[in-house]
Every structure is written in structure tokens, then in C-alpha cells.
2 protein chains.
Amino acid sequence: MTVSRVINNTGRISEATRQRILAIMKEMNYVPNAMARSLVKQESRLLSLLIPDLTNPFYTSLARGAEDAARDLGYRLLLGNGDEDLAKEKEYIETVLSARVDGVLLTPTGDQSLAHLKKLAKQRIPFVLLDREVPGMGSDQILGDSREGTRMLTDHLVTLGHRRIAFLGGSRLVSTARLRLASFEETMAAHGLALPEGYLIEADYRMKEIDRQITALLAMPEPPTALLAANNFLALRAIRALRSLGKRVPDDLSVVCFDELEAGFVVDPFMTVAAQPSYDFGVMGIRMLVDRIQQKAPESWRKVVLPPVLHVRKSSGPPASL
Amino acid sequence: MTVSRVINNTGRISEATRQRILAIMKEMNYVPNAMARSLVKQESRLLSLLIPDLTNPFYTSLARGAEDAARDLGYRLLLGNGDEDLAKEKEYIETVLSARVDGVLLTPTGDQSLAHLKKLAKQRIPFVLLDREVPGMGSDQILGDSREGTRMLTDHLVTLGHRRIAFLGGSRLVSTARLRLASFEETMAAHGLALPEGYLIEADYRMKEIDRQITALLAMPEPPTALLAANNFLALRAIRALRSLGKRVPDDLSVVCFDELEAGFVVDPFMTVAAQPSYDFGVMGIRMLVDRIQQKAPESWRKVVLPPVLHVRKSSGPPASL
DNA sequence: GTGAAAGCGCTAACAG
DNA sequence: CTGTTAGCGCTTTCAC
């Protein structure tokens, strides 16, 4: 049909027929069928963003960045929520695969996401990894600086006078959790500070054990005066546990963490954090992805590292003994 | 192809060929093309959820409910963020129209969304309205109880001893904002309490004016001792404004609001609220939508009203004069 | 400038 | 039980 030509503004059409077609389209409420078009063009102009937790402000802010960037570049964005659940992630990957999206932006659940990513790679769907790396999988990525952020937080506590600092980490199956733990150990060593047995906690998947772990920590002969949590929700759970044990933050124990918490929708932000530029994660991720799709990217994988910023707030103070 | 039959598990196939096909599929990493299938089946098994603010916990919680319900019913869910922006909403509606989703779940930006909804109706795409009504548009809907919630909050303040209560409302182009204002006026009247000129504030679209409006409120000869905000972010902005004016909450002024705030990711929830069952909004919305799609619903529109729950916390207390 | 023919990957309906 | 034909709504490609 000539109709197609007017819709796509392509080829030569006389203004007369052009107007006539436009009029008829309006009259019959014509809406082009994107699926039929994608089928023949072999491109959908559809991108997919998979985040691991829709309720975590870090990821919603990231999603807004991705959305804005996608719109700017003329792509639509499908949002998906993996829920930190490998099975849901798998399901979602299968969905986007059969939906024939042009590219995928995702924060993988963890190292075990490797299998899912391989599927994407095998179907030649371009993807960009956000925030977390997956060993064994080359790809474009946007990462935070876990080493630097952890160092900032640790230094902050040391500067306040803390010497006994414990670490509450996430699963070792997640790259950021590993890096933050390693950096914490390094930084403590650089300050000549000891890391007693029991100061290094690895939270289990659903954080079920945290209350017990915190209780054990405080029952030590030399309990810590500060706690560094590897992410925002971990810190939150820790503080709840501390409160239920009658401990006050920061009076009895300082708590600091990675990732912003509360700043957007709270009267009075409480937590001292190493904040990451979450919105930019989304924007840059989409740009990198679209570059790759449109083959404007170099052959080799690209990697961008976004630095964190320390926000000192009320959850950290000098140790009680000072 | 016989292939189609094994994929869809339909018709009679010998186990031998069945296995052979499965093997070949695996070998060549076959992934069915959902678009091609939708094209012929005239259904996509795709639902779309449009929320007005991705960063508002009310809507993210709602989205999780919708997601879970959609998965249960065998549908995929595309998330969209309208950003309280009529233009983005329009864009999104066009997108889902051309993507040929089977149904749409949405919280309209406001009364002006009517035009967008009419487009959906004209294309015979079933949709369910969440949280906000749109005058002139019949449809299935899941609503909160704005009257009851406002009454609860007002009664709470009156019981604490407040007599001078101001109201910070949202745009009158949004049904919930209108209802909450009306219910506030009614309830105050029922208590025999006066509503001086200036006690009723309508926040503008982007809340730019709030600081000035709050300043004016406090400069009145008889300033209020309590403030009822029509939603969570409005309350937040108000409290920020109050703080910058050196006022303390609840010591100098009590503040309460509609919608949950902070409870999920904060150490110590502060705000007294009339919380709505946001997750259930999503679940019930999807169920209602799927019923409609599968024509299990009655011809007439259905409407479900979900009651709010009062959570008394720290942002409200007796008036200073007591 | 405009129309006709072919085909994207799939499934419905019918043959064999 | 399995293969064939046709067509979903669109965009090529190539005639006119």
C-alpha cells in the first residue's frame, strides 16, 4: 500500500493523496501494528530493563534515568522486576528473548545469572550489565566503584575514632558484595586495624539470619563500635536488629552503608552513605546499549565506572568511649 | 509445521518425532517469536501497567502486586512510568496501542486523561482504572476510600485536641484530591470546627509553591495547629517547608497524610498516615482486567473499594497549647 | 508517483 | 499422526 509510505514519510507521494490517506486514517482510528512492522523489519525499537528490586530507590532512580534516555533515543522501554530471584530472572530473559527486543539493560541477580546471559549472547541480543559484574561473561558494563566507596566509608569511621569496625556483607555470589568485602579488609589493614574472628558477617539471601548474627556480634567480648553495611537494606535491617536489642544508633554503635537511603522521601535523612549516581547508571547504560545496537560502539567491551559520593549524616558519630 | 504442535502441546504427535523436534530445537537454540504468534492469534498475552510515579512507594508496591498477579494468570506485564505528565501518558498510551497489548491497568494522571482513555476504549482495549477516577469515563476500577481515610485522619487530629486544622490538597483535576478535600470540609463541619479563609491550600502541579503557601499559612493571625496533607509527598514537602521555617513536627504542628510513607525502608517510620493496601490494588486490578479480557466479567462496570488503615506515628501529637 | 507481489514467523483449518 | 495452504499486518522490491 501507498499507506505505508505516508506513515513512514518515505518515498515520493503527491500531497493530495497524502492528505487523503491521513484523513482516512484519522476517520477509521487507524493505529499501526508495531508487531507486524517489527516482524518484517527485524527490529522492534524495544529495549528492556531488568532490575532486581523494584522497591529499592537505587533501582527506581536508575529506571527513570534509563527511561528518559531511551525516550530521547527513540526507543521504548519495557521494565521488568527480577525480585533478586534467579527463577524470575530466567523467566524474564525468556520473555524478552521471544519478544525480540533490540537490547537488554540489566542488573544480574548474581554470578549464577551467567547462564541467562549466555542465552542472550547466543541469540546475539546486545546487553549492558549494570552495577554488578558476572565472572566469565564479557559485556559492556556500567559499574560503581565499590573499592573507593568502601574506602570512603571505612576512612570516615576511622577518622571519627572507631577502631573496632564490623562488616555486614551481602552474598559472595554477587560481585559488588565481594569487592566491598575485599576493599574493607584492605582498608582496615592499611590502617593497621584488627579484624577479629566474627567481625565479618555474610548475610544470607533473604536476610533471615541478620537478627541472630547481630546479636552474636554484640555478645563478643570486644564488640565493634561501628558497622559498615554493604548496601542500604542490609543497613536498615541491622539497625532494626540493633534497636530491638536496645542499642541506639549512633550513640552505642555507628552504622554506615553503600547506596543512598531515604534521601528522596524522608523528612530527615538519617543514614551516612556512600551514594551512587543511580540516575546516571540508567542514562549511561541506555546510551551504551543503543550505541552497541546501532554498531556505533567499538568491537571491544566498554566499561564505565561511576564514582560514589560520601554523605555524612546522623547514623555515624564518634565511638561511645570518646 | 509439526513443530508448532510440539511447542504448543496441541494435537496428536508421536513421541518419537516429538523428541526429535525437541532435540533439534535445543540444538539450534530456537526461541519462538512471540510477535509472529501474536500477529496471527490476535492476542499478545501482554498486559500493561501505567503508573504516574515510579519513585512513589505506593505505586511500586502496587506494581509488585500487579506483577505477581499477572504471572499467576499467565500474562506478561509491561511497566510504564507516566511521571504525572500528561504528554508522557499520551505517548505511553500510543505505545501500548500499537503494541497490541491485551489490556491496560493504569492510574490516570488526572481528569484530562479522558482523551487518552477514549482512545483505548475506541480500540476496544480493556482497561482498569486504579486509585483515580476520571469523570465521563465508565470503566472497571479499583479505588481507595478517600472519604473514609480523610475522616479517620481528621478525627484523629480532633481527638488529639486540635481545633485549627489546615488542609493541603492536590490538584482539583485529580479525583482523589477532590474527594479528600470534600471529605475534610464535611468532617470539620460535623465537628463544628471552623475553616478560616486560607486554611485550604491547593498545591500546584509540581509543588513549586508549597514553601510560600506554608509560610503564608503560618503568618495568619490564627495559624493552624495541625495540617492534613492529601498525599505522602505533599506531606513531605510541607514538613520540609516547616523545618526551614524553624517549626518542629509534631511539637509546633502536627502533620498527617494519606498513603504510606517510609514504612518499608526507614529505620523509624515517622509519619501518621491513612495507609492504603497498595499491593492489593495491583493484584485486584490485574484480576479484574483479566476477567474482563476473558469475558468472565459481567457486562456492567465493576468497582472495588479498598479501605485505608490508620497508622498513628510520630508526626502527630496534641496541640502545643495543651 | 503508485500499485503488485513476496515474505517476515507463526498458527488455523483442512487434507492426507 | 503429519504435511499443506492461507493469511495475520506490515515493508520491502520491483514494475508501471
Side-chain angles (χ1 to χ4, degrees), chain A residues 1-46 48 74-76 78 93-103 119-120 122-125 293-294, chain B residues 1-46 48 74-76 78 93-103 119-120 122-125 293-294:
Chain A
M1 293 274 231
T2 312
V3 172
S4 171
R5 269 185 271 256
V6 15
I7 290 168
N8 295 291
N9 244 326
T10 179
R12 280 148 295 272
I13 311 155
S14 80
E15 193 53 28
T17 45
R18 185 186 151 74
Q19 288 307 332
R20 191 164 51 87
I21 288 173
L22 250 29
I24 296 175
M25 272 172 45
K26 185 129 294 172
E27 188 189 328
M28 61 190 291
N29 304 119
Y30 174 79
V31 175
N33 185 325
M35 295 185 306
R37 173 185 302 192
S38 305
L39 198 56
V40 29
K41 296 194 76 167
Q42 302 290 45
E43 72 154 19
S44 58
R45 290 249 134 198
L46 228 51
S48 151
Y75 283 80
R76 293 179 287 147
L78 307 187
I93 295 285
E94 278 159 6
T95 297
V96 302
L97 237 35
S98 69
R100 297 295 195 267
V101 299
D102 291 346
K119 275 193 206 159
L120 285 178
K122 200 165 287 179
Q123 302 299 325
R124 316 206 140 281
I125 311 263
I293 291 169
Q294 302 180 345
Chain B
M1 294 270 233
T2 312
V3 172
S4 171
R5 269 185 272 256
V6 15
I7 291 169
N8 294 292
N9 245 326
T10 179
R12 281 150 293 274
I13 310 158
S14 80
E15 193 52 27
T17 43
R18 186 187 150 73
Q19 287 307 331
R20 192 163 53 85
I21 289 173
L22 250 29
I24 296 175
M25 271 173 47
K26 185 131 293 173
E27 187 189 329
M28 61 191 289
N29 303 119
Y30 174 79
V31 175
N33 185 326
M35 296 185 307
R37 173 185 301 191
S38 305
L39 199 55
V40 31
K41 296 195 77 167
Q42 301 291 44
E43 72 155 17
S44 59
R45 289 249 135 198
L46 229 51
S48 151
Y75 282 82
R76 294 178 287 147
L78 306 186
I93 295 284
E94 279 160 5
T95 297
V96 302
L97 237 33
S98 68
R100 297 294 195 269
V101 299
D102 291 347
K119 275 194 208 161
L120 285 178
K122 199 164 287 179
Q123 302 298 325
R124 315 207 141 281
I125 311 263
I293 291 168
Q294 301 179 346

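Lettering follows sequence order; numbering is per chain, from 1.
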Does Gln42(A) make a side-chain N or O approach to OP1 or OP2 of dG9(C) shorter than 4.0 Å?
yes

Using the side-chain contact (heavy atoms from CB on, under 4.5 Å) definition, which of the options Ile93(A), Asp102(A), Leu120(A), Val96(A) pairs with Ile125(A)?
Leu120(A)

Distance in angstrom units between Lys41(A) NZ and dC8(C) P, rounded
17 Å

Under a 4.5 Å cut-off applied to non-hydrogen side-chain atoms, are Arg37(B) and Pro32(B) in contact?
yes

Rounded to whole Å, how long is the line connecting atom CZ of Arg37(A) with atom P of dG9(C)?
18 Å

Out of dC10(D), dC10(C), dT2(C), which has the shortest distance to the side chain of Ile13(A)?
dT2(C)

Can you tell me how far P of dG9(D) sits from CD of Gln123(B), to the nearest Å?
13 Å

For DNA chain D, whose closest nucleotide is more 5', that of Arg18(B) or that of Met35(A)?
Arg18(B)

Check this one for me: any side-chain N or O of Ser14(B) less than 4.0 Å away from OP1 or OP2 of dT2(D)?
yes

Cut-off 3.5 Å, no hydrogens considered: what does the side-chain donor-acceptor table look like for residues 24-31 of chain A, sequence neighbours left out?
none

Interatomic distance, Leu39(A) CG vs dA6(C) P [rounded to whole Å]
18 Å

Heavy atoms from C-beta onward define the side chain here; which of dT11(C), dT2(D), dT11(D) lies closest to that of Thr17(B)?
dT2(D)

Met25(A) CE to dC10(D) P, straight-line distance once rounded to whole Å:
10 Å

Atom pair distance, as rounded to whole Å: CG in Asn33(B) and C1' in dG9(D)
14 Å

From CE of Met28(B) over to C1' of dG9(C), roughly how many Å is that when rounded to an integer?
12 Å

Can you identify which nucleotide, out of dC10(C), dC10(D), dT11(C), has its nearest atom closest to the Ala36(B) side chain?
dC10(C)

